[in-house]
Amino acid sequence: MSYRVCVIGLDGATFDLIKPWAEAGYLPTLARIMKEGAWGELRSTIPPMTGPAWSTFMTGTNPGKHAIFDWVYRRKDSYEFIPVTAEHCRQPSLWEIASQAGKRVLAVNVPMTFPPQTVNGCVVSGLPAAHLATYPAELAGYIREKHPDYIVYPDPGQAYSDQGIDWFLANLDKAIEKRLELWRDLAGREAWDFAMLVLNATDVVQHAMWKFMSPEHPQYNPQKAARYKDAILNVYRKIDGILGDLLANMGSDTVVWIMSDHGFGPLHHFIHVNTWLMREGFLAIKKAPMARLKATLFRLGFSPMPVYDLFMRIGLGKLKREVVRGQGQSLMKAFFLSFEDVDWERTVAYSLGNIGQVRINLRGREPQGSVNPGEEYEKIVKQIIDRLTQLRDPRNGQLAVDYIYRVDEVYHGPAAAEASDILFLPHKLEYFGFGEYEFGDHRVFASLRHGISATHRMNGICLTWGEPVQPAALQDAKLEDLAPTILYLMGLPVPAHMDGRLLMEAFRPDANLPPPEKGTAWEGQSGPEGGLTEEEEVILRQRLRDLGYVA
């Protein structure tokens, strides 16, 4: 027997909050699912970033196959990094595969679906959509007419400055309501076999508001905490009520999955990886007068993050956001040290991306590569790994890195050669490799004083409920396991190129499910032929900047 499948994505949701709140009675629906269904932690990608994580979920493949490694990628023949979109994904999504098999699909606000894919059904693009984008295209007109208040992305920016928290929370609540109205409308109109809705309110509210529920957080403010400490709980409670309504209206022919792309936890410190590489002698600055002047000013403390902190202290947080719009990149690079000032012929490594990534300036791959493949490459990789192993925060003596991986330990597939050569997970992920700007701070380590107060963890959530599901613990589940399992439930073959396994422990032995069937592998696609317009790139940068990912 095959089933319809409904997936609810709760971006960034974590059992670290769900378990105690469910036990305390705040989340009765999730408590019920944990009692009646199968559930467990869901391991994210390395790094646990939204772009690669959602791409791994929807394709059932690791980033070495789908080629999404972060929110950004290096522009061809340049050291400039620009936002990724769904066009960069080289593997088909599970709803594209289901469409090819004749199934009707619906995907609403799933990240990494911009531009929207062509499917047998409907797609409403999610983050980092530059604007309302749909498939079919005429659906956008229907949404503008029938759902004029639909919010593609709830902006957290004002909450980071603490100047607009009430507006942010009200807008977030509105975004949930309007997205739910659209979902109910489309799900009611479509005769779907697969339907998916992502609510990113969990992610956004945790980024902005974690500091108010954690007295140990460096940004904790007791007066504001008295007012806002339940902000995250209130979002989870609202969503729990939505899930209750969903289950009440779901037929016995449907299996429900609730999942997140990664977990969440407090963020205390930034690691400025390019600053560290420069201090260690792996990255060199040009000898030109202007580059040397900017490098001198950088060492003396003239760098973006201290300037940002100054803006925030004097109540000009909004000005910071306006400065980096539009021509912000040019303005930043005119005043602050940037990749334009790097002497690439004397640079052997640099960092591009978030959490912890180091790229070797490899000859033949990088625009101005200086390191030869083979022995020289291996020597540089070993040197950097050895020094990362010993890297300590001088303020407290803490070893700053918990795990270090060579790229071939993490990714496999034809795109793996394009990834960073070294990936590392900083201590407890309470430390975070800063990716918003090439040289964000003259200090290697800097505590957070303003802005984002929490970030991603490796342990997301996965729960499933429905007629064939038994109460069970999901064992070592990974993001790539969901796509093949969902296709299997829908009675479809699992393509041979997928990396994930079937989560068979979730299903009753007498569930009358068919034997798994292996399907033909899909050929990997090449990179995008077109790309973003200049206006779309500006908007996408702003979307990601609001979340603290790019400059």
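Numbers here are sequence positions counted from 1. This is a predicted model, so every value here is computed, not measured.
A donor atom on one side chain and an acceptor atom on the other are not found under 3.5 Å apart for Thr347 and Asn361. Looking at Gln357 and Ser420, their side chains do bring a donor and an acceptor atom within 3.5 Å of each other. In this model, a donor atom of one side chain and an acceptor atom of the other lie less than 3.5 Å apart for Ser447 and Arg395.
Put simply, the side chain of Met305 reaches to within 4.5 Å of the side chain of His272, judged on heavy atoms. Looking at Thr113 and Met58, their side chains come closer than 4.5 Å, going by heavy atoms from C-beta outward. In this structure, the side chains of Val72 and Leu352 come closer than 4.5 Å at one or more pairs of heavy atoms. Here the side chains of Ile360 and Ile384 are in contact, with some heavy-atom distance below 4.5 Å. Within the 4.5 Å cutoff, the side chain of Val108 has no heavy atoms near those of the Met196 side chain. A 4.5 Å side-chain heavy-atom check between Ile285 and Met278 finds at least one atom pair inside the cut-off. Side-chain contact between Leu277 and Arg387 is absent, with no heavy atoms from C-beta onward closer than 4.5 Å. Counting only heavy atoms from C-beta outward, the side chains of Pro266 and Arg457 approach each other to under 4.5 Å.
Here Lys238 pairs with Asp173 in a salt bridge; the nearest charged N to carboxylate O distance falls below 4.0 Å. We find that Asp166 and Arg227 are joined by a salt bridge, their nearest charged nitrogen and carboxylate oxygen being less than 4.0 Å apart. Using a cutoff of 4.0 Å between basic side-chain nitrogens and carboxylate oxygens, Lys333 and Glu438 are scored as salt-bridged. A salt bridge does not link Asp421 to Arg359: none of the charged side-chain nitrogens sits closer than 4.0 Å to a carboxylate oxygen.
Here the closest non-hydrogen pair linking Met112 and Val84 is CE-CG2, 3.9 Å. Here the closest non-hydrogen pair linking Pro426 and Ile271 is CB-CD1, 3.9 Å. Annotation for Pro484 and Gly60: closest pair CD-CA, 4.4 Å, computed over non-hydrogen atoms. Shown here for Val152 and Asn109, the closest heavy-atom pair between the two residues is O-ND2, 3.5 Å. Taking every heavy atom of both residues into account, Ile355 and Pro48 meet most closely at CD1-CD, 3.4 Å. Closest non-hydrogen pair, Ser260 versus Ile461, comes out as OG-N, 2.8 Å.
At least one donor-acceptor pair under 3.5 Å links the side chain of Gln470 to the backbone N or O of Glu505. Under the 3.5 Å distance criterion, the side-chain polar atoms of Thr56 are matched with a main-chain donor or acceptor of Thr61. A donor-acceptor pair under 3.5 Å is formed between the side chain of Asn221 and the backbone N or O of Lys224. A donor-acceptor contact shorter than 3.5 Å links the side chain of Trp39 to the backbone of Met34. Within the 3.5 Å criterion, the main-chain N or O of Ser338 finds a donor-acceptor partner in the side chain of Asp341. Remark: the backbone N or O of Arg406 is paired with a side-chain donor or acceptor of Glu409 at under 3.5 angstrom. A donor-acceptor distance shorter than 3.5 angstrom exists from the side chain of Asn234 to the backbone of Asp230, with no hydrogens or angles considered. A donor-acceptor contact shorter than 3.5 Å links the side chain of Thr29 to the backbone of Asp240.
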Side chain to side chain contact (heavy atoms under 4.5 Å, CB included) between Thr455 and Trp210, worked out: CA-CA 9 Å; Thr455 195; Trp210 197 286; over 6 Å; no

- request: In sequence, state the C-alpha distance, the side-chain angles, and the governing distance for Gln206 and Leu17, and then conclude on side chain to side chain contact (heavy atoms under 4.5 Å, CB included).
  value: CA-CA 11 Å; Gln206 289 172 147; Leu17 299 180; 3.4 Å; yes

field: side chain to side chain donor-acceptor pair (under 3.5 Å) between Thr202 and Asp11, intermediate numbers included
entry: CA-CA 6 Å; Thr202 37; Asp11 201 309; over 6 Å; no

field: Verdict with reasoning, Asn274 to Arg279, per side chain to side chain donor-acceptor pair (under 3.5 Å)
entry: CA-CA 9 Å; Asn274 282 316; Arg279 289 191 181 181; over 6 Å; no

- request: May I have the step-by-step check of ring pair (Phe, Tyr, Trp, His ring centres under 6.0 Å) for Phe439 and Phe336, ending in yes or no?
  value: CA-CA 8 Å; Phe439 297 95; Phe336 297 112; over 10 Å; no

query: Under the ring pair (Phe, Tyr, Trp, His ring centres under 6.0 Å) criterion, do Trp276 and Phe445 qualify, and how do the steps go?
result: CA-CA 9 Å; Trp276 177 75; Phe445 295 94; 9.4 Å; no

message: Walk me through whether Tyr350 and Glu366 qualify under side chain to side chain donor-acceptor pair (under 3.5 Å).
response: CA-CA 11 Å; Tyr350 67 101; Glu366 306 297 313; 2.5 Å; yes

query: Taking it one step at a time, do Phe432 and His456 satisfy ring pair (Phe, Tyr, Trp, His ring centres under 6.0 Å)?
result: CA-CA 9 Å; Phe432 186 96; His456 306 170; 7.4 Å; no

message: Determine whether Tyr431 and Asp393 satisfy the following criterion, side chain to side chain donor-acceptor pair (under 3.5 Å), listing intermediate values before the conclusion.
response: CA-CA 10 Å; Tyr431 287 76; Asp393 185 342; 2.8 Å; yes

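Asp476 CG: 12 or fewer foreign heavy atoms inside a 6.0 Å radius.
Applying the ring pair (Phe, Tyr, Trp, His ring centres under 6.0 Å) test to residues at least two apart or on different chains, the pairs with a partner in residues 50-69 are Trp54-Phe57, Phe69-Tyr411. Note on residues 214-239: pairs passing ring pair (Phe, Tyr, Trp, His ring centres under 6.0 Å), not counting sequence neighbours, are Trp21-Tyr236, Phe212-Tyr228, His217-His268.
Rounding to the nearest 0.5 angstrom, the gap separating the CG atom in Leu267 from the CG atom in Leu448 is 4.5 Å.
The one candidate from Arg74, Lys65, Arg90 that meets the salt bridge (charged side-chain N to carboxylate O under 4.0 Å, His left out) condition with Glu418 is Arg90. Checking each of Leu503, Leu474, Asn459, Leu482 against Leu42 for a side-chain contact (heavy atoms from CB on, under 4.5 Å) leaves exactly one that passes, namely Leu482.
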